[in-house]
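Notes follow the structure.
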Amino acid sequence: MGIVNVTPDSFSDGGRFFDPDQAIAHGRQLLAEGAAVLDVGGESTRPGADPVPLDEELRRVLPVVEALSAHGRVSVDTRKPEVARAAVAAGATLVNDVSATLWPVAAELGVGWVAMHMRGEPATMQTDPHYDDVVGEVVDFLEQRATTAAEAGVREVWVDPGIGFGKTLEHNLALLAHLDRIVALGWPVLVGTSRKGFLGRLLTASDGSATPVPPDDRLAGSLATEVWAMHRGAAMVRAHDVEAAVQASRVVAA
Ligand code: HH2
């Protein structure tokens, strides 16, 4: 799944593809690199991000979804039912839902749905997140949402542990270490680690300081976690660096 952020403020590529023509060109490039799905989003969900008004999110994503749907499969990364509906009308066939609440829309429209686990809201989710048993709580949450969606008539349900969404470094590592428990639920699993902050913390600068490496220097860390996730049974990874992820996936599959 290749990431197409039509946002001015995403954590790793904010502003680079804010112009629709640039976002469309970038999406086509990711398809050429082998992306199976393009995930188009108009609202950053990075920790501390401000919510985006509905009309602004529609204005950002619709032209990009419409143009890219002519070339490949498109998912819409949104928490708003109105945006999901409009994006499906424009050609999207998968709703990537970090709020895990939009299954009724997916059921009604006959499209796929990704249930992602998040603790709290992006604005505050990284303020001291706490779990008694992070793996057990995420597994239970995803099982409950996926079952509800399937019973409501969604035929294509994905589950995603939501790496970095209301989770400390230790929570993220526990979820990756025990990904097999999420895979064992039986739903196809999507994992998004690409360039995320926990990799920056694991890969501090080589100057001996504790400075996390910046997002652009997290490719090796992203690939390591993507290979790990695929090997543990993830069916799809959400990546900025699609060519590298596709090559890694071919080697893992072999
Ligand atoms: N991560 C981000 C956004 N959407 N969706 C799913 N299903 N899983 C994820 O892990 C996930 C996601 C955050 O990454 P990015 O889109 O690069 O940044 P931003 O949220 O700042 O747009």
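First listed ligand is number 1; within each ligand, the first listed atom is number 1. Throughout, residue positions are numbered sequentially from 1 according to the sequence presented.
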The atoms of ligand 1 lying under 4.0 Å from a heavy atom of Val98, numbered in the order shown, are 4 (N), 5 (N), 12 (C)
| task | Determine, using heavy atoms of Trp158 and all atoms of ligand 1, whether some pair is separated by less than 4.0 Å. | result | no
Strictly under 4.0 Å, does any heavy atom of His240 approach an atom of ligand 1?
yes
Contact region, Leu190 to ligand 1, non-hydrogen atoms below 4.0 Å, reads side chain
closest protein heavy atom to atom 10 (O) of ligand 1 is Lys196 NZ, 2.6 Å
Return yes when Asn96 approaches ligand 1 closer than 4.0 angstrom through a heavy atom, no otherwise. yes
of all protein heavy atoms, closest to atom 16 (O) of ligand 1 is Arg238 NH2, 2.7 Å
In this structure, atom 22 (O) of ligand 1 is nearest to the protein heavy atom Ser10 OG, 2.6 Å
Atom 4 (N) of ligand 1: closest protein heavy atom, distance to 0.1 Å, is Asp77 OD2, 2.9 Å
If you compare Ala100, Ser12, Ser44 by their heavy atoms, the one closest to atom 21 (O) of ligand 1 turns out to be Ser44
message = Check whether Lys167 reaches the backbone of Leu175 with its side chain - one donor and one acceptor, N or O, closer than 3.5 Å.
response = no
For atom 8 (N) of ligand 1, the closest protein heavy atom turns out to be Asp160 OD2, 2.7 Å
(request) Evaluate the ring planes of His171 and Tyr131, with Trp represented by its six-membered ring, and classify them as parallel (under 30°), tilted (30 to 60°) or perpendicular (over 60°). (result) perpendicular
- request: Go through Val105 and Trp113 one step at a time and tell me if the side chain to side chain contact (heavy atoms under 4.5 Å, CB included) criterion holds.
  value: CA-CA 9 Å; Val105 178; Trp113 178 65; over 6 Å; no
* Asked: Is the backbone of Leu102 close enough, under 3.5 Å, to the side chain of Asp97 for a donor and an acceptor to pair up by distance?
  -> yes
Checking heavy atoms under 4.0 Å, the part of Met116 that sits near ligand 1 is side chain
Quick note on ligand 1: atoms under 4.0 Å from a heavy atom of Asn5 include exactly 15 (P), 16 (O), 17 (O), 18 (O), 22 (O)
- Query: Hey, are His240 and Ser12 close enough side-chain-wise for a donor-acceptor pair under 3.5 Å?
  - Reply: yes
Counting heavy atoms under 4.0 Å, the part of Thr7 that contacts ligand 1 is neither
Of all heavy-atom pairs linking Glu43 and Val52, the shortest is OE2-N, 3.0 Å
Nearest heavy-atom approach of Leu179 to Ala234 is CD2-CB, 4.3 Å
Within-cut-off N or O pair, Phe11 and ligand 1, under 3.5 Å
yes
- Item | Test item: Arg28 side-chain N/O and His71 main-chain N/O as donor-acceptor pair under 3.5 Å | no
Per-atom filter on ligand 1: closer than 4.0 angstrom to a heavy atom of Gly192 are 10 (O)
message: Between Glu137 (side chain only) and Asp132 (backbone N and O only), is there a donor and an acceptor less than 3.5 Å apart?
response: yes
Tightest non-hydrogen contact, residues Arg145 and Ser99, listed as NH1-O, 4.1 Å
